[in-house]
Amino acid sequence: MKKIFKSIIVVYSLLAVSIVSNSCKDAVDIDQPGVIDDEAIFTSVSNLNDFLIGSVYGNLDTNNEIYVGAVISDEVKPGSGSGGQEFQLHRYFLNNSEGLVSGIWLNHYRVINRVNRLLDGASKITPSPSETAQYNSIIAQARAIRAFSYVQLESLFSTDMTNPNALGVILLKDIPETDAQLPRSTNQEVYDFINADLDYARSVLSYSLPTNAAARFYVDKGFVNALSARFNAYRGNYTLAKQYAQDVISNSGLTLTVATPITGGSSGVFTNPTPPATLPVNQTSAWNTAFYGVASSFNPYRNLWNDSSRGEIIFSLNRLATGNGSGIGTRWNTNTSTVSGVPMWFMGRNLFNLINVLGDIRRYAYIDPTSIIDLNYATSTAPINTDKLVIDKYPGKTSAATRNDLKLFRLSEMYFILAEAEVSASNFSVAQSLIQQVRVARNYLGTAATPIYTSAQVAYADILKERRAELALEGHRYIDLKRLAAKAGVTMDRNATDDIITVTNLPNGDYRYTLPIPLDETAANPNCQQNPGY
């Protein structure tokens with residue numbers, strides 16, 4: 001029986017269990033009754049696939065980083081049902097004992113470990129000719145998921161992804177067999193490993209049919225190339241970022257999900273004000289029922305968020321009404337995504353202002369109709385009670401009000417990455433056109449103001465703004481501010497009413513744009529260097 005690192009958290013907490021067996025492998029190699037080791041688990045291609053689905057896909061979860069990023073940045077403000085949970089994060093009291101940060105670290109290393117175990121088991125299996133394609137696909141999917149976990153860890157725990165010599169994270173290439181205490185690798189060492197996984201997966205997998213709704217829950221070539229595009233944008237390799245983003249746009253068969261129709265069947269009245277009048281529109285209860293239906297909506301963009309349609313989704317983490325994975329809805333609303341559902345966090349005011357414009361479908365897709373919108377919020381003596389912007393981007397499923405699929409990759413992000421790459425090459429007119437395509441798709445009036453980019457800074461600022469609106473509460477904003485805010489000449493953008501104390505914005509370049517290595521790791525592993533400031 002293989003020994004494990006009892007001394008470091010990334011291995012000790014992760015190597016012991018799988019969904020196939022709940023046995024424990026500890027450092028003293030004591031055989032426990034009922035132990036099922038890897039040799040018993042990995043005996044066939046069928047078992048490999050079961051382990052991939054249940055123990056690799058089943059443990060992949062980005063809930064914590066979505067939540068931490070939203071609370072630290074400018075996406076949310078305290079809700080009327082909050083008891084003060086995570087106020088310390090909202091006010092930037094971030095340290096190496098923060099449990100949510102430890103959860104991010106642990107979860108991705110858990111996934112990495114499961115992949116390493118699967119690959120080790122697969123090396124001992126010889127597939128039959130009829131099983132070879134499935135066998136190769138299993139390995140490709142697992143390696144792509146491992147690459148994803150490393151990209152997530154790098155984006156959150158490396159101080160500068162554009163510097164290949166900066167410290168990255170701990171690199172676990174296989175199942176550890178000694179009690180060694182591993183140091184952090186350089187970014188380049190981690191990047192080489194990520195690229196090897198992605199290159200292999202790309203050589204095996206193909207794009208799924210866009211009409212196959214269930215395909216969005218499985219890693220395919222779209223996942224691999226979307227991850228490659230994001231990874232290369234993060235590290236500043238815009239040549240490759242452009243190549244892979246364009247590949248997804250050209251070859252996935254997916255198209256941007258449109259904002260129309262805005263009414264359908266017996267949906268009721270939805271009347272836009274006559275310009276120059278501004279919002280709100282006449283939004284009737286009948287229209288609300290038809291638009292916000294949990295099972296399905298008449299509006300295609302809304303159906304992305306109630307999980308009734310694939311639309312432009314490249315890959316989602318499947319969250320059934322019951323089963324693996326945490327409920328993302330409970331991060332914002334305790335019971336339901338309504339004003340009476342004990343909201344823990346409301347949408348941040350300036351984010352709401354950004355989407356609260358005539359024609360923007362996100363104003364309705366992201367905000368529940370029971371919200372109480374205070375037109376005089378700026379002068380309210382208690383905006384937490386008068387300006388209740390209830391988050392409804394994750395409305396839940398039938399019989400599961402707080403559970404929704406986690407959209408890891410959508411086509412709109414590929415347009416943003418492609419635009420960012422064009423700006424880096426000073427192709428401003430091309431970048432304008434790409435951003436305009438997303439804006440038009442999100443406008444139910446079928447039109448949108450064409451952006452005008454006169455400099456790279458202006459362009460980056462506009463792209464950052466569009467990413468803020470479109471990718472809100474999907475885990476991007478915190479990372480985007482870290483990597484793009486200085487280029488764009490902007491900063492974090494909280495409204496003065498976004499807390500019950502004086503609001504501040506985290507300055508560009510602040511050390512807290514990089515998460516601390518968890519205390520459990522550094523205390524047990526003296527070779528693991530802490531990030532600056534912690």
Side-chain angles (χ1 to χ4, degrees), residues 210-211 213 216 254-313 316 321 329 332-333 335-341 343 346-347 351-373 375 388-405 407 410-412 438-448 469-470 472-473:
T211 53
R216 70 186 187 272
L254 300 172
T255 57
L256 290 170
T257 301
V258 296
T260 55
I262 194 61
T263 59
S266 58
S267 64
V269 177
F270 183 92
T271 306
N272 285 306
T274 301
T278 57
L279 296 172
V281 300
N282 183 8
Q283 188 178 343
T284 65
S285 59
W287 187 89
N288 288 340
T289 299
F291 181 88
Y292 290 98
V294 172
S296 183
S297 171
F298 62 80
N299 183 272
Y301 190 72
R302 176 62 178 178
N303 282 334
L304 292 182
W305 307 110
N306 62 29
D307 300 338
S308 65
S309 171
R310 178 179 185 177
E312 66 176 51
I313 296 169
S316 282
W332 330 114
N333 305 293
N335 301 315
T336 61
S337 56
T338 63
V339 75
S340 61
F346 293 136
M347 180 174 284
L351 174 55
F352 176 77
N353 290 344
L354 184 61
I355 62 175
N356 189 37
V357 294
L358 191 60
D360 197 326
I361 193 63
R362 294 168 297 201
R363 157 64 179 80
Y364 304 99
Y366 296 0
I367 297 293
D368 190 76
T370 63
S371 297
I372 300 172
I373 300 170
L375 298 179
K388 301 182 178 183
L389 310 175
V390 180
I391 295 168
D392 202 28
K393 192 168 186 176
Y394 299 103
K397 301 175 186 283
T398 303
S399 303
T402 60
R403 291 180 65 82
N404 276 109
D405 303 336
K407 289 76 179 172
R410 294 195 291 118
L411 196 65
S412 54
V438 178
R439 284 182 175 172
V440 170
R442 298 299 175 255
N443 194 291
Y444 57 78
L445 298 177
T447 185
E470 174 64 17
L473 304 171

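This one's a predicted model, so the numbers in the text were calculated from it and none came from an experiment.
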Engineer: Quick check: does any side chain N or O of R310 sit under 3.5 Å from a backbone N or O of I313, one acting as donor and the other as acceptor?
Structural biologist: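 Yes, because the side chain of R310 sits within donor-acceptor range (under 3.5 Å) of the backbone of I313.
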Engineer: So, the side chain of N272 versus the backbone of G359: is there a donor-acceptor pair under 3.5 Å, distance only?
Structural biologist: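 Flag not set: sc N272 to bb G359 has no pair under 3.5 Å.
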Engineer: Take S371 and M347, measure what side-chain contact (heavy atoms from CB on, under 4.5 Å) needs, and give me the verdict at the end.
Structural biologist: CA-CA 10 Å; S371 297; M347 180 174 284; over 6 Å; no
Engineer: Report yes if the side chains of L351 and Y366 come closer than 4.5 Å at any heavy-atom pair, otherwise no.
Structural biologist: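 No - every pair of side-chain heavy atoms lies 4.5 Å or more apart.
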Engineer: Determine whether K388 and P343 make a side-chain contact, defined as any pair of heavy atoms from C-beta on separated by less than 4.5 Å.
Structural biologist: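 Result no, sub-4.5 Å side-chain heavy-atom pair not found.
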Engineer: Looking only at heavy atoms, what is the nearest atom pair of A286 and G268, with distance?
Structural biologist: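 The pair with the smallest heavy-atom distance is CB-CA, 4.0 Å.
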Engineer: Would you say the side chain of V357 lies within less than 4.5 Å of the side chain of R363, judging by non-hydrogen atoms?
Structural biologist: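 The answer is no, as the side chains (C-beta and beyond) never meet within the 4.5 Å cut-off.
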Engineer: Looking at I262, V258, T257, which hits side-chain contact (heavy atoms from CB on, under 4.5 Å) with I361?
Structural biologist: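 When side-chain contact (heavy atoms from CB on, under 4.5 Å) is applied between I361 and each of I262, V258, T257, only I262 qualifies.
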Engineer: Do W287 and V281 come within less than 4.5 Å of each other through their side chains, counting heavy atoms only?
Structural biologist: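 The answer is no; the side chains never approach within 4.5 Å.
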Engineer: If I compare all heavy atoms of L411 with all of L254, which pair ends up nearest, and what's the gap?
Structural biologist: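 Nearest pair, atom of L411 first, then L254: CD2-O, 3.4 Å.
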Engineer: For S296 and S308, work out which heavy atoms get closest and say how close.
Structural biologist: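 Here S296 and S308 meet closest at CA-OG, 4.0 Å.
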Engineer: With side-chain contact (heavy atoms from CB on, under 4.5 Å) as the criterion, how do V438 and L256 come out once you've worked through the C-alpha distance, each side chain's angles and the decisive distance to 0.1 Å?
Structural biologist: CA-CA 7 Å; V438 178; L256 290 170; 4.2 Å; yes
Engineer: Is the backbone N or O of G293 less than 3.5 Å from a side-chain atom of S297, with the two atoms forming a donor-acceptor pair by type?
Structural biologist: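 A pair under 3.5 Å: no.
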Engineer: Taking only residues two or more places apart in sequence or in another chain, which ones pass side chain to side chain donor-acceptor pair (under 3.5 Å) with D368?
Structural biologist: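 With neighbours one apart ignored, the set is T370.
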Engineer: Please report the interatomic distance OG1(T260) to CG(L445), rounded to the nearest 0.5 Å.
Structural biologist: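 One finds 10.0 Å between OG1 of T260 and CG of L445.
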Engineer: How would you list, by chain and number, every residue that makes a ring pair (Phe, Tyr, Trp, His ring centres under 6.0 Å) with Y444, sequence neighbours excluded?
Structural biologist: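 Result, ring pair (Phe, Tyr, Trp, His ring centres under 6.0 Å) vs Y444: F270.
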Engineer: Do S316 side-chain atoms and R216 backbone N/O form a donor-acceptor pair below 3.5 Å?
Structural biologist: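 Looks like no, no N/O pair under 3.5 Å.
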Engineer: Nearest heavy-atom pair of L473 and I391: which atoms, and what distance?
Structural biologist: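 In this case the closest contact between L473 and I391 is CD1-CG2, 3.5 Å.
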Engineer: Please identify each residue that fulfils salt bridge (Lys or Arg N to Asp or Glu O under 4.0 Å) with R439, with sequence neighbours left out.
Structural biologist: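 Result, salt bridge (Lys or Arg N to Asp or Glu O under 4.0 Å) vs R439: D462, E466.
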Engineer: Can you name the salt bridge (Lys or Arg N to Asp or Glu O under 4.0 Å) partners of R302, sequence neighbours left out?
Structural biologist: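 Partners of R302 under the salt bridge (Lys or Arg N to Asp or Glu O under 4.0 Å) test: D392.
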Engineer: In sequence, state the C-alpha distance, the side-chain angles, and the governing distance for Y394 and R403, and then conclude on side-chain contact (heavy atoms from CB on, under 4.5 Å).
Structural biologist: CA-CA 7 Å; Y394 299 103; R403 291 180 65 82; over 6 Å; no
Engineer: Set out, in order, the CA-CA distance, both residues' side-chain angles and the distance that settles side-chain contact (heavy atoms from CB on, under 4.5 Å) for K393 and W332, then state yes or no.
Structural biologist: CA-CA 10 Å; K393 192 168 186 176; W332 330 114; over 6 Å; no
Engineer: Are the side chain of N299 and the backbone of A259 linked by a donor-acceptor contact shorter than 3.5 Å?
Structural biologist: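 Looks like yes, one N/O pair under 3.5 Å.
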Engineer: Just by modelled atom types, is the E470 backbone N or O under 3.5 Å from a matching donor or acceptor in the R410 side chain?
Structural biologist: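 Yes; at least one donor-acceptor contact below 3.5 Å.
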Engineer: Where is the tightest heavy-atom contact between Y292 and I367, given as atom of each residue plus distance?
Structural biologist: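 Smallest interatomic distance, heavy atoms only, reads OH-O, 2.9 Å.
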Engineer: List for me each residue that meets side chain to side chain donor-acceptor pair (under 3.5 Å) alongside T263, sequence neighbours excluded, and say none if there are none.
Structural biologist: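 If we apply the side chain to side chain donor-acceptor pair (under 3.5 Å) test to T263, skipping adjacent residues, there are no hits.
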Engineer: Which residues pass the salt bridge (Lys or Arg N to Asp or Glu O under 4.0 Å) test with D307, sequence neighbours left out?
Structural biologist: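 By the salt bridge (Lys or Arg N to Asp or Glu O under 4.0 Å) rule, D307 matches K397, K407.
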Engineer: Grab the two heavy atoms, one from P395 and one from N404, that are nearest each other, plus how far apart they are.
Structural biologist: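 Between these two residues, the closest heavy atoms are N-OD1, 3.1 Å.
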Engineer: Could you check whether any side-chain heavy atom of Q283 comes within less than 4.5 Å of a side-chain heavy atom of F291, counting everything from C-beta outward?
Structural biologist: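 When only atoms from C-beta onward are counted, F291 and Q283 do not touch, as no gap falls below 4.5 Å.
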Engineer: Once you measure the plane-to-plane angle for W305 and Y301, does it fall in the parallel (<30°), tilted (30-60°) or perpendicular (>60°) bin?
Structural biologist: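 Rings of W305 and Y301: perpendicular, over 60°.
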